[in-house]
**Student:** 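My questions all concern the structure below.
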Number of protein chains: 2
Amino acid sequence: MASRKEVTIYDIAKVLNISASTVSRGLSNHPAIRKDTIRRIKDMALSMGYQQNTFASNLRKNRSNTIGVILPRLDSSFQSSVVSGIEKKANQSGFNLIISQSRESVEKEIANIATMYSSRVDGLLISLTCDTCKLDHLDKFLKKGIPVVFFDRVKEYPGFHCSKVVIDNEKAGYDATNHLIEQGCERIMYVSDNLLSNVYSDRHQGYINALKHHKIQHDPELTFVNKLDEESGARTFSRLLQLKNRPDGIFAANDVSAVAMIYQFKQAGLSVPDDIAVVGFNNIHISRVIEPSLTTIHYPGVEMGEVAASTLIEMLNNDEPVIIKTVVLEHKLIVRKSSLKNKQILRAPSD
Amino acid sequence: MASRKEVTIYDIAKVLNISASTVSRGLSNHPAIRKDTIRRIKDMALSMGYQQNTFASNLRKNRSNTIGVILPRLDSSFQSSVVSGIEKKANQSGFNLIISQSRESVEKEIANIATMYSSRVDGLLISLTCDTCKLDHLDKFLKKGIPVVFFDRVKEYPGFHCSKVVIDNEKAGYDATNHLIEQGCERIMYVSDNLLSNVYSDRHQGYINALKHHKIQHDPELTFVNKLDEESGARTFSRLLQLKNRPDGIFAANDVSAVAMIYQFKQAGLSVPDDIAVVGFNNIHISRVIEPSLTTIHYPGVEMGEVAASTLIEMLNNDEPVIIKTVVLEHKLIVRKSSLKNKQILRAPSD
DNA sequence: GTGAAAGCGCTAACAT
DNA sequence: ATGTTAGCGCTTTCAC
């Protein structure tokens with residue numbers, strides 16, 4: 001579909017009466033080229049409308065200048081904020097971004113990994129589906145020396161060490177549960193997605209630790225695993241009805257489901273937090289404005305994206321020492337009304 | 001950073017004792033190659049772990065198999081759903097996606113356009129910032145025959161015709177305002193972002209049309225332009241206090257600001273909808289669960305992304321007839337509690 | 001400090 | 001139905 005002939009370094013060379021190699025060097029500020037030659041080359045390139053052909057350059061250098069991103073959902077409040085952070089850093093460092101979403105399907109994730117590989121991304125950022133068990137599809141990346149950085153939904157990768165960017169989900173789960181206990185809850189339900197996923201199992205472990213710490217008997221019946229979408233509230237409610245002793249507190253592993261529950265409870269005439277206290281996870285926008293406002297764990301999405309991208313870019317730029325690290329970002333319990341059984345003074349509304 | 005030598009079509013050719021071109025043709029199912037030869041080639045490619053070098057292929061074909069996407073924000077509920085739709089279609093058709101966000105900055109938008117150009121995307125999908133006036137940065141795309149499709153935030157592009165995917169914002173603005181009037185509102189405020197942008201100015205025009213249709217005097221003081229973010233509610237509220245006659249209805253050009261207003265009004269002891277009725281725009285998740293639930297205009301994000309991507313891909317695949325079209329997707333007024341002054345029966349909760 | 005030349009891996013026009 | 005050949009535009013080694 002292209003029409004006009006493109007300007008190449010040969011065209012510039014011809015006009016300036018120098019060789020194409022000098023032009024190539026000049027354009028990339030090679031130290032052996034005289035300053036004024038570089039100037040002449042760049043000026044001419046500009047005035048001729050030269051645009052470097054990245055395919056040729058990539059082919060020659062065997063580097064794509066592109067970072068691949070695979071995540072479960074683009075249309076998720078939290079995840080899109082991570083992408084936003086990734087985009088920001090990548091853009092600053094001159095990397096392009098190829099993005100694809102797995103939509104929580106392991107098959108699609110595998111397909112996406114294959115696409116990223118054949119697109120020859122320089123590095124890969126990935127947040128796994130809830131159901132991902134094996135990571136061997138990533139083998140060829142690491143065997144070839146293409147760095148992979150996991151973020152948020154991560155997994156141990158036997159045989160390979162990869163950098164990770166996460167929060168301390170166990171501690172966060174502890175904090176959330178501990179808060180409910182301090183508010184007087186004695187029978188706390190944990191509403192989760194697939195416990196295969198680190199984010200949900202670690203939060204679960206934190207939940208159990210907090211119970212144990214307060215010498216509260218852990219009742220496995222109170223762990224309810226389901227998809228944490230908008231229908232989650234209704235499912236949890238019907239689950240509640242099946243239980244002999246109704247819980248007096250709920251720790252939901254994400255805000256979307258927590259909000260959906262609050263909605264259900266209110267519909268059913270239950271009072272939040274008096275009948276049942278609720279803590280969510282993510283601090284999405286909605287948690288601030290729902291009524292009662294939702295106590296939740298704040299979790300820095302944009303920063304997570306930025307750190308993940310920086311970590312990868314660092315590996316890409318310094319090819320010498322590959323330092324594998326796990327970056328743990330701070331989370332924070334944001335106390336709002338949905339959990340305040342003891343009516344304390346709320347924090348400043350700026351939270 | 002790559003280590004092992006890659007398998008090329010020459011390696012396959014040598015093993016099978018045929019020529020590289022036959023391998024190349026076989027791999028892309030060229031009709032002139034015998035079925036069984038194709039089989040042998042593909043089997044061998046698979047067993048040797050062949051991976052096509054897209055740089056070389058792209059260089060040769062002068063096609064990147066990549067679609068560029070530029071939009072204001074990735075971390076916006078609506079926009080990320082559009083991206084989700086784009087990703088879905090692109091992925092189905094074997095296109096990669098390069099995504100960048102302008103963050104509502106015209107400068108960044110221009111820089112992104114330049115990057116997309118030098119990345120040699122096959123086509124571009126773009127939703128403009130609120131402040132974009134001129135489109136000449138896109139000239140080189142169109143002069144070179146690279147198709148550009150606008151979605152959502154679009155603009156007339158003098159000298160070039162491009163396909164667009166939008167909703168009828170004027171009609172939607174009319175519907176929203178008309179609904180408020182039917183509910184008995186007589187002094188309706190329009191809260192908007194920059195009226196340079198089609199989405200906001202068209203909604204504004206619809207607002208005016210509805211007023212006119214009901215013979216209500218249009219008071220320019222009641223159009224309040226500001227950034228439609230979470231702080232918008234507070235700004236609108238202080239604006240309200242400056243007005244002689246307080247409005248009894250608000251049409252906000254997005255849900256985020258509508259929700260923020262409701263929050264403010266409630267804080268200030270005003271009742272929604274009785275003191276002031278509110279209609280938003282976008283039907284984001286939160287509008288369903290806020291109290292009172294928010295009347296809004298539904299607006300199909302994922303579909304918009306899918307249609308935009310399909311439109312572009314169609315142009316990319318059929319290079320003969322370039323049919324320029326504007327696709328207008330359906331919007332829908334979703335009536336909820338925030339606007340119901342006449343307590344009518346609400347629609348089914350499935351809304 | 002600059003030039004000549006080879007080659008990255010693929011595709012397609014032109015042969016046969 | 002398959003092979004030969006040239007070349008996409010760039011980078012880089014080696015030469016001077």
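Here the structure is a predicted model, which is why all the values come from computation and not from measurement. Only heavy atoms go into these numbers, but all of them, side chains included; no hydrogens, no water, no symmetry mates. Sequence lines set the chain letters: A, B, ... in the order given, protein chains first and strands last, and positions in each chain run from 1.
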**Student:** Among the nucleotides C:dT2, D:dG3, C:dC10, which one has an atom lying closest to any side-chain atom of B:T22?
**Tutor:**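 Side chain of B:T22 sits closest to D:dG3.
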**Student:** Would you check if there is a donor-acceptor pair between the side chains of B:S102 and B:S105 at a distance under 3.5 Å?
**Tutor:**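 The answer is no; no qualifying pair exists.
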**Student:** Nearest to the side chain of B:I18, which nucleotide is it out of D:dC10, D:dG3, C:dA12?
**Tutor:** D:dG3
**Student:** Using whole Å, report how far CD1 of A:I41 lies from P of D:dT11.
**Tutor:** 12 Å
**Student:** Would you mind checking if A:K155 and A:E109 are paired as a salt bridge, meaning a charged N to carboxylate O distance below 4.0 Å?
**Tutor:** no
**Student:** Tell me whether the side-chain N or O atoms of A:S21 pair up with the base of C:dA4 as donor and acceptor below 3.5 Å, since no angle test is needed here.
**Tutor:** yes
**Student:** Under 4.0 Å, heavy atoms only, any strand: does B:S28 hit a base, just the sugar-phosphate, or nothing?
**Tutor:**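 Answer is nothing: B:S28 stays at 4.0 Å or more from every strand.
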**Student:** Between D:dT2, C:dC10, C:dG1, which nucleotide has the shortest distance from any of its atoms to the side chain of B:T8?
**Tutor:** C:dC10
**Student:** Ignoring backbone atoms, establish whether A:T54 has a side-chain N or O less than 4.0 Å from OP1 or OP2 of D:dC10.
**Tutor:** no
**Student:** Using a 6.0 Å cut-off, check whether atom NZ of A:K140 has over 12 heavy atoms from anything other than its own residue.
**Tutor:**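 Enclosed: over 12 neighbouring heavy atoms sit under 6.0 Å from NZ of A:K140.
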**Student:** Between A:R39 and A:D43, is the closest basic N to carboxylate O distance under 4.0 Å?
**Tutor:**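 Yes, A:D43 and A:R39 are salt-bridged.
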**Student:** Could you check how far CG of B:L16 sits from P of D:dT2, rounded to whole Å?
**Tutor:**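 From B:L16 CG to D:dT2 P: 11 Å.
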**Student:** What I want to check is whether an N or O donor and acceptor connect the side chain of B:R40 with the base of D:dT2 at under 3.5 Å.
**Tutor:**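 Side chain to base: no pair below 3.5 Å.
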**Student:** Nearest whole Å is fine: how far is C:dA4 P from A:N17 CG?
**Tutor:** 11 Å
**Student:** Between B:V23 and B:A56, name the one whose nearest nucleotide on DNA chain D is closer to the 5' end.
**Tutor:**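 It is B:V23, whose closest nucleotide lies nearer the 5' terminus.
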**Student:** If you look at every strand shown and take non-hydrogen atoms under 4.0 Å, does A:S24 touch a base, only sugar-phosphate, or nothing?
**Tutor:** base
**Student:** Send over the distance from A:L27 CG to D:dT11 P, rounded to a whole Å.
**Tutor:** 8 Å
**Student:** Is any side-chain N or O of B:R25 under 3.5 Å from a base N or O of D:dG3, one able to act as donor and the other as acceptor?
**Tutor:** yes
**Student:** In whole angstrom, what separates A:N62's CG from C:dG7's P?
**Tutor:**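 In whole Å, C:dG7 P lies 17 Å from A:N62 CG.
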**Student:** Can a salt bridge be assigned to the pair B:E104 and B:R73 using a cut-off of 4.0 Å between side-chain N and carboxylate O?
**Tutor:** no
**Student:** Nearest whole angstrom, please: distance from the P of C:dT2 to the CD1 of A:I33.
**Tutor:**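 Result: 5 Å.
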**Student:** Given C:dG3, D:dT11, D:dG9, identify the nucleotide with an atom nearest to the side chain of A:N53.
**Tutor:** D:dG9
**Student:** Of all the choices, C:dC10, D:dG9, D:dT12, which nucleotide is nearest to the side chain of A:L59 once you look at every atom?
**Tutor:**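 Taking heavy atoms from C-beta onward, the closest nucleotide is D:dG9.
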**Student:** Regarding B:E303 and B:K89, does a basic nitrogen lie under 4.0 Å from an acidic carboxylate oxygen?
**Tutor:**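 Salt bridge absent between B:E303 and B:K89.
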**Student:** Rounded to whole Å, please give me the gap between OH in B:Y10 and C1' in D:dT2.
**Tutor:**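 The distance from OH of B:Y10 to C1' of D:dT2 comes to 15 Å, rounded to the nearest Å.
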**Student:** From the list D:dG3, C:dA6, D:dC8, which nucleotide is the closest neighbour of the side chain of A:R60?
**Tutor:**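 In terms of side-chain proximity for A:R60, the closest of D:dG3, C:dA6, D:dC8 is C:dA6.
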**Student:** Check this one for me: any side-chain N or O of B:S57 less than 4.0 Å away from OP1 or OP2 of C:dG9?
**Tutor:**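 B:S57 to C:dG9 OP1/OP2: no side-chain N or O under 4.0 Å.
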**Student:** Nearest whole Å is fine: how far is D:dT2 C1' from B:K14 NZ?
**Tutor:**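 So the NZ-C1' distance, B:K14 to D:dT2, works out to 19 Å.
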